[in-house]
Amino acid sequence: MGKSSQEKIEYAQQLLSADIPYREIQEYLKLRFGSGMSNTTLQKLQDEHDEITRLKEELKRCKYQLDLYKRLYNELLEKLQGKL
């Protein structure tokens, strides 16, 4: 990413998480830090945020499926042990 300070990047990430448009983010950055941030950097930050959100959703779905498979496995095991 660009030459932005870590504090500026974290602030921009918070604003992006709040679904604030780029133009307003630039204004907030200028007010707080005296300068904005390149739109390319903001886009990269947004892409990272989107990827993290997507991965969290996928992890949640995988955990649900794993719990389902475990439950089905245990039910099948109980049925098979009951027949033996």
Side-chain angles (χ1 to χ4, degrees):
M1 280 185 226
K3 301 176 183 178
S4 300
S5 70
Q6 187 62 32
E7 184 181 357
K8 187 189 259 187
I9 290 171
E10 289 171 2
Y11 185 62
Q13 287 172 329
Q14 290 173 356
L15 297 172
L16 286 167
S17 295
D19 292 327
I20 295 174
Y22 288 1
R23 182 172 291 179
E24 289 180 35
I25 291 174
Q26 294 289 15
E27 291 173 13
Y28 287 127
L29 290 172
K30 287 176 186 175
L31 286 172
R32 184 165 177 178
F33 298 100
S35 65
M37 183 180 284
S38 76
N39 284 332
T40 303
T41 302
L42 282 174
Q43 183 61 48
K44 287 179 183 178
L45 291 173
Q46 182 66 51
D47 291 345
E48 286 177 7
H49 178 265
D50 292 346
E51 179 70 5
I52 289 169
T53 302
R54 185 190 67 76
L55 290 172
K56 284 181 179 179
E57 287 299 317
E58 186 176 340
L59 179 60
K60 187 177 179 180
R61 192 172 48 253
C62 287
K63 285 181 177 182
Y64 172 78
Q65 289 177 342
L66 178 61
D67 289 340
L68 178 64
Y69 290 136
K70 283 179 181 180
R71 191 174 74 235
L72 292 173
Y73 170 79
N74 287 327
E75 288 176 11
L76 181 60
L77 187 61
E78 286 176 18
K79 296 280 185 190
L80 289 174
Q81 287 175 343
K83 290 186 177 183
L84 295 179

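Positions are given from 1, in the same order as the sequence printed here. All values reported here derive from a predicted model rather than from experimental measurement.
A distance of 10.0 Å separates CD of Q14 from CD1 of I20, quoted to the nearest 0.5 Å. With rounding to the nearest 0.5 Å, the separation of CE in M37 from NZ in K44 is 12.0 Å. One finds the CG atom of N39 at 11.5 Å from the CG atom of L45 (value rounded to the nearest 0.5 Å). For the atom pair CD (Q81) and CG (L76), the distance works out to 10.0 Å, reported to the nearest 0.5 Å. Considering CD of E10 and CD of Q6, their distance stands at 4.5 Å, rounded to 0.5 Å.
Side-chain contacts under 4.5 Å among hydrophobic residues (ILVMFWY), followed directly or transitively, place L72 together with L68.
Ion pair R54/E51 flagged as a salt bridge, since at least one NZ, NE, NH1 or NH2 atom sits closer than 4.0 Å to an Asp/Glu carboxylate oxygen.
Hydrophobic clustering keeps Y11 apart from I52 (ILVMFWY residues linked when any side-chain heavy atoms are closer than 4.5 Å, directly or through intermediates).
Shortest non-hydrogen contact noted between L42 and Y22 is O-OH, 3.8 Å. Closest of all the heavy-atom pairs between Q26 and S38 is NE2-C, 4.2 Å.
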Review point. Step by step, would you call L59 with L55 a side chain to side chain contact (heavy atoms under 4.5 Å, CB included)?
Key: CA-CA 6 Å; L59 179 60; L55 290 172; over 6 Å; no
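In the model, D47 has a side-chain atom that pairs as donor or acceptor with a side-chain atom of Q43 under 3.5 Å. Under 3.5 Å, the side chains of Q46 and D50 contain a donor-acceptor pair of N or O atoms.
Residues L16 and H49 have side chains not in contact (no heavy-atom distance under 4.5 Å, counting atoms from C-beta outward).
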